[in-house]
Amino acid sequence: MKAVLGNLRAIPIKLAEIRNPFGSGHGKSASFQGLEERHAKLAVGSSITFVDFIWSTFENQQKVESKVI
């Protein structure tokens, strides 16, 4: 589980790393071709998974803390 969580934690870092070289901004030429749609779907899907896990963890911690008080 630690390995899976470590890889999940890397998602936002790696997405930020590929944004500049593969994004359509930053003065790219008109002929620039970014990544394919399937890559975008992978990025969005993995981001949703990451945020869902983090949010669920936050909610779980809030429930635990409210029971302790």
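Remark: side-chain polar atoms of Asn7 are paired, donor with acceptor, to backbone N or O of Ala3 under 3.5 angstrom.
Ion pairing between Lys63 and Glu59 fails under the 4.0 Å rule for side-chain N and carboxylate O.
Heavy-atom neighbours of Gln62 CD from other residues, nucleotides or ligands within 6.0 Å: above the threshold of 12.
With rounding to the nearest 0.5 Å, the separation of CD1 in Ile18 from CD1 in Ile13 is 13.0 Å.
Note on Val44 and Leu42: separate hydrophobic clusters, where clusters join Ile, Leu, Val, Met, Phe, Trp and Tyr whose side-chain heavy atoms are under 4.5 Å apart, directly or indirectly.
Here the closest non-hydrogen pair linking Ser47 and Leu15 is OG-CD1, 3.0 Å. Of all non-hydrogen atoms in Ser46 and Ala43, the two that sit nearest each other are OG-O, 3.1 Å.
Sequence neighbours left out, the pairs with a member in residues 37-57 that pass ring-ring contact (aromatic ring centres under 6.0 Å, His included) are Trp55-Phe58. A salt bridge (Lys or Arg N to Asp or Glu O under 4.0 Å) check over residues 2-14, counting only residues at least two apart or in different chains, returns the pairs Lys14-Glu17.
Partners of Glu36 by salt bridge (charged side-chain N to carboxylate O under 4.0 Å, His left out), not counting sequence neighbours, listed by chain and number: Arg38.
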